[in-house]
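Notes for the one structure printed next.
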2 protein chains.
Amino acid sequence: MNTLGFGLLGLLTQGPCSGYDLMLKMEPIWKAQHSQIYPLLAKMEQEGFVVHELQPQTEKPDKKIYTITDTGREALLAWLPEPPDERAGRDEMIIKAQSIWLIGPEAGRALFTNREAVYRDRIRYYQELLDKHHQGGVQPPSPSSPDFGSYILLKRYMGVFTWQMEWCRWVLSLLDEQAE
Amino acid sequence: MNTLGFGLLGLLTQGPCSGYDLMLKMEPIWKAQHSQIYPLLAKMEQEGFVVHELQPQTEKPDKKIYTITDTGREALLAWLPEPPDERAGRDEMIIKAQSIWLIGPEAGRALFTNREAVYRDRIRYYQELLDKHHQGGVQPPSPSSPDFGSYILLKRYMGVFTWQMEWCRWVLSLLDEQAE
DNA sequence: AGGTACATGTAATTGGTTACATGATTCC
DNA sequence: GGAATCATGTAACCAATTACATGTACCT
């Protein structure tokens with residue numbers, strides 16, 4: 001099984017769920033298309049990590065409600081403590097930034113202004129998710145709560161995107177300096 | 001052509017280079033294996049974006065020195081100003097963090113202690129690269145200098161990894177709180 | 001009339017990693 | 001003797017995106 005598979009198992013420890021809902025729940029942390037999730041769930045079922053039962057619906061396609069098995073839980077618990085791979089973070093902006101000197105300050109400014117806005121939107125998005133988290137209890141979830149993972153990840157994304165937004169502004173200030 | 005291809009073109013605007021050296025130069029910003037780079041360069045040559053000439057070597061395999069063509073430079077300049085795709089940043093640690101509550105505070109602490117060290121190493125690595133940058137001139141490169149891209153990217157990585165290191169420490173502090 | 005959400009699936013293609021393959025040189 | 005660096009390449013596989021496919025309900 002792959003990393004995405006373990007991500008799905010992690011969500012299923014919090015309760016049975018359809019493939020569609022798993023896709024939505026994965027979105028903030030590890031975006032994957034349904035075309036990747038549905039076949040993976042089927043494969044995971046073949047290998048005994050999950051089982052599903054049909055929930056008939058009228059006027060909508062039937063749902064497949066997946067549940068994690070003991071085998072699945074064991075596999076997840078064995079995988080979790082292993083030191084994670086460090087993955088290459090690939091972002092087109094990196095490649096464009098590398099060659100920014102080629103396109104002149106105006107086009108460069110457009111690129112970074114645009115990016116700054118993208119990061120601003122993402123920060124708003126993650127802030128909203130954090131606010132939802134705080135709706136119930138005002139206290140941050142304890143490390144033994146199932147919500148702890150989402151909580152610390154939201155904080156992580158907030159920080160990463162905030163830094164990148166500031167980085168865009170810093171680059172813009174360098175570009176402006178030259179214009180003077 | 002794909003994003004990696006444009007990255008290679010960007011490096012080639014700074015001078016002709018072998019596939020092997022391109023791989024090394026790409027490493028800090030967009031890690032790719034030689035098995036991805038060599039066939040891509042061949043394809044890019046077929047499409048007229050680069051040309052190569054053989055540099056015979058004794059006791060070592062001959063080098064293929066690639067040079068960007070006018071077509072290649074035009075394609076790069078047309079691509080650069082387009083707003084970049086926002087790519088999903090996939091890192092196994094994200095999936096593990098999501099399910100951290102399942103493995104208990106000791107194993108969780110091990111995971112984050114390990115990760116903190118990984119980020120610390122990366123910061124040291126990027127700091128060294130930044131120092132090398134500053135060796136020649138003490139002034140940061142101007143936006144019209146070919147080094148400007150590398151310079152701002154190194155700063156970006158420094159910031160991103162610094163934040164993630166601090167995030168690890170913050171999570172560790174939460175885990176410790178519970179232990180008390 | 002067109003877009004979004006719900007709900008699932010397959011097929012084609014691209015992107016990326018791992019492994020196989022060769023061969024000299026240098027460092028520990 | 002074994003690992004690392006230089007230097008290229010192919011083959012097999014896995015991961016991920018895009019497109020094709022179906023069908024209802026609701027909103028504008």
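Only a predicted model underlies this, so the values are computations on that prediction, with no experimental measurement involved. All chains are named by letter (A, B, ...) in the order of the sequence lines, taking the proteins before the strands, and each is independently numbered beginning at 1. All values below come from the heavy atoms of this structure, side chains included, with hydrogens, waters and symmetry mates left out.
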Kindly say if [X] contacts the phosphate of [N], meaning a side-chain N or O under 4.0 Å from OP1 or OP2.
{"X": "Gln57(B)", "N": "dA7(D)", "answer": "yes"}
{"X": "Asn2(B)", "N": "dT14(C)", "answer": "no"}
{"X": "Tyr38(A)", "N": "dT8(C)", "answer": "yes"}

May I have the distance from [X] (atom [atom1]) to [N] (atom [atom2]), rounded to whole angstrom?
{"X": "Leu4(A)", "N": "dG16(C)", "atom1": "CG", "atom2": "C1'", "answer": "16 Å"}
{"X": "Ile37(B)", "N": "dG15(C)", "atom1": "CD1", "atom2": "P", "answer": "14 Å"}
{"X": "Glu27(B)", "N": "dG16(C)", "atom1": "CD", "atom2": "P", "answer": "15 Å"}
{"X": "Lys43(B)", "N": "dG9(D)", "atom1": "NZ", "atom2": "P", "answer": "16 Å"}
{"X": "Leu40(B)", "N": "dT17(C)", "atom1": "CG", "atom2": "C1'", "answer": "15 Å"}

For the side chain of [X], starting at C-beta, report the closest nucleotide among [options].
{"X": "Lys64(B)", "options": "dT10(C), dT8(D), dG9(D)", "result": "dG9(D)"}
{"X": "Pro39(A)", "options": "dC6(C), dC6(D), dT10(C)", "result": "dT10(C)"}
{"X": "Leu24(A)", "options": "dT8(D), dC6(C), dA11(C)", "result": "dC6(C)"}
{"X": "His34(A)", "options": "dC6(D), dA11(C), dT8(C)", "result": "dT8(C)"}

* Ignoring hydrogens and angles, does a donor from either the side chain of Ser18(B) or the base of dT8(D) sit under 3.5 Å from an acceptor on the other? ->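 Checked by distance alone, the answer is no.
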
* To do: Mind checking the OH-CD spacing from Tyr66(A) to Glu45(A)? Nearest 0.5 Å is all I need.
  =>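 Result: 5.5 Å between the selected atoms.
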
* To do: Measure the spacing between NZ of Lys43(B) and CZ of Phe49(B) and express it to the nearest 0.5 Å.
  => 9.0 Å

* Kindly confirm or rule out a cation-pi arrangement of Lys25(B) over Trp30(B), judged by NZ or CZ under 6.0 Å from the six-membered ring centre and within 45° of its axis? =>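 No.
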
* Base, sugar-phosphate, or nothing: which does Thr3(A) touch, judged by heavy atoms less than 4.0 Å apart? ->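 Contact class for Thr3(A): none.
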
* Using the closest heavy atom to pick a nucleotide of DNA chain D for each, name whichever of Lys60(A) or Lys31(A) lands nearer the 5' end. =>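 First, find each residue's nearest nucleotide; the 5'-ward one identifies Lys31(A).
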
* Within a strict 4.5 Å, meaning less than it, do heavy atoms of the Ile100(A) and Pro143(B) side chains meet? ->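 Side-chain contact under 4.5 Å: no.
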
* Taking the six-membered ring for Trp, is the centroid-to-centroid distance between Phe148(B) and Trp101(A) below 6.0 Å? -> no

* Asked: Taking the nucleotide of DNA chain C with the closest heavy atom to each, which residue, Gln36(A) or Pro61(A), is nearer the 5' end?
  -> Pro61(A)

